[in-house]
2 protein chains.
Amino acid sequence: MTRLQKAILEVVKSSDKHLSAKEIYAKVQSAFPGVAMGTIYRNLNKFAEDKLIRRVSGLASADLFEGNLLPHNHSQCLACGKVADVHIAGMKEFVQEHIGDETVSLDLLVNVICSDCMKKDGNFVFEQPDPKVGC
Amino acid sequence: MTRLQKAILEVVKSSDKHLSAKEIYAKVQSAFPGVAMGTIYRNLNKFAEDKLIRRVSGLASADLFEGNLLPHNHSQCLACGKVADVHIAGMKEFVQEHIGDETVSLDLLVNVICSDCMKKDGNFVFEQPDPKVGC
DNA sequence: ATTGTTGCAAAGGGTTTGCACGTAA
DNA sequence: TTACGTGCAAACCCTTTGCAACAAT
């Protein structure tokens, strides 16, 4: 593993947040000013394949990367976009009971209005709830 | 509503499948040869906002549109990409118990190997399960 | 006249890829 | 040498948007 690769991995692993490729790029740049976006992506993809990190997709904005490999899902705030971890015990089993095919994995995305945004505007009303309503 | 708009809506509403904008475009084209992709998207977006149809996003490929407005979620086959409806009673309540913020909506995407693909290759083994593993 | 809808073409965002160069075993 | 990693720029895919022409009221 090159020094650059270690740096990229370290940025993701040492962050407690979910980071976009752009954010990772910015952080890596401080130590490797000449680094290219393509290289960031190539390595993030490799790390994700090798299960060193996890890629979170399906969000409203760009994919995020995280170092937390423990099974969990995510919530995103529809107002500010903030992404948080969601742990739901028995999720897979609960879902499996309802479908015929064998579940490989679940991607649960819980759309919320986070408490911060609720504080800012307690009357948060979705006249027409999220166009991407699941259930 | 213009005749074109009715045609677009009809394509989505009368299909029992989930259709991509490209597929909808192709179908509408047979009656409106000069129709533009931008117009397809503009109208699909409007219909989704008005809750005449539903947009399914977060899939491995492009967003899909469906006429089924009843709350439900989706599964996608990791081998062939096929998307199917998934109905899980009590899903929202089950999830709500585990999170602090108020749930607006859920997007559950169940990654499976569908029975067709299982038949074709009964030994379907994911040496490295889906890089986008939820739980 | 006013408003909304369309085709077109361009731009947008996020991501991937071909290629030549460089670096390391 | 052989293999791999990198920067760069272009391409990619899906989707959105500005604009001028066009309907429809």
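Quick note on labels: first sequence line is chain A, next is B, and so on, each numbered from 1. Below, all heavy atoms of this structure are taken into account, side chains as well, without hydrogens, waters or symmetry copies.
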Participant: Would you say B:T2 reaches C:dT6's phosphate, i.e. side-chain N/O to OP1/OP2 under 4.0 Å?
Facilitator: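 Yes, because at least one side-chain N or O of B:T2 sits under 4.0 Å from OP1 or OP2 of C:dT6.
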Participant: Rounded to whole angstrom units, what separation is found between the CG atom of B:L44 and the P atom of D:dC14?
Facilitator: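 Nearest whole value for this atom pair: 15 Å.
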Participant: Is there side-chain contact between B:E66 and B:L19, with at least one heavy-atom pair below 4.5 Å?
Facilitator: no
Participant: Quick check on C:dT15: is either OP1 or OP2 less than 4.0 Å from any side-chain nitrogen or oxygen of A:Y41?
Facilitator: yes
Participant: Enumerate the residue pairs fulfilling ring pair (Phe, Tyr, Trp, His ring centres under 6.0 Å) with a member in residues 7-62 of chain B, sequence neighbours excluded, ordered by first and then second residue.
Facilitator: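 Counting only pairs at least two positions apart or across chains, the ring pair (Phe, Tyr, Trp, His ring centres under 6.0 Å) contacts touching residues 7-62 of chain B are B:H18-B:H74.
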Participant: If only atom types and distance count, is the side chain of A:S15 paired as donor or acceptor with the main-chain N or O of A:V11 below 3.5 Å?
Facilitator: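 No, because the side chain of A:S15 does not come within donor-acceptor range (under 3.5 Å) of the backbone of A:V11.
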Participant: Using OP1 and OP2 only, check whether a side-chain N or O of B:N45 sits under 4.0 Å from D:dT16.
Facilitator: yes
Participant: Any side-chain N or O of B:Q5 less than 4.0 Å from the OP1 or OP2 oxygen of C:dT6?
Facilitator: yes
Participant: Is the shortest heavy-atom distance from the side chain of B:L52 to the side chain of B:L9 under 4.5 Å?
Facilitator: yes
Participant: Choose from D:dG7, D:dC14, C:dT15 the nucleotide whose nearest atom is closest to any side-chain atom of B:K22.
Facilitator: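 Within the option list, the nearest is D:dC14.
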Participant: As a test of reading the structure: which of D:dG7, C:dT6, D:dA24 is closest to the side chain of A:L4, going by heavy atoms?
Facilitator: D:dG7
Participant: Report yes if a donor N or O on one partner sits less than 3.5 Å from an acceptor N or O on the other, where the partners are the side chain of A:R42 and the base of C:dG18; otherwise report no.
Facilitator: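 For A:R42, whose side chain was compared with the base of C:dG18, there is a donor-acceptor pair (under 3.5 Å).
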Participant: Closest nucleotide of DNA chain D for A:K46 versus for A:M37: which of these residues is on the 5' side?
Facilitator: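 In this pair, the answer is A:K46.
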Participant: In terms of side-chain heavy atoms of B:R55, which of D:dT16, C:dT15, D:dT6 is nearest?
Facilitator: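 Comparing D:dT16, C:dT15, D:dT6 against the side chain of B:R55, the answer is D:dT16.
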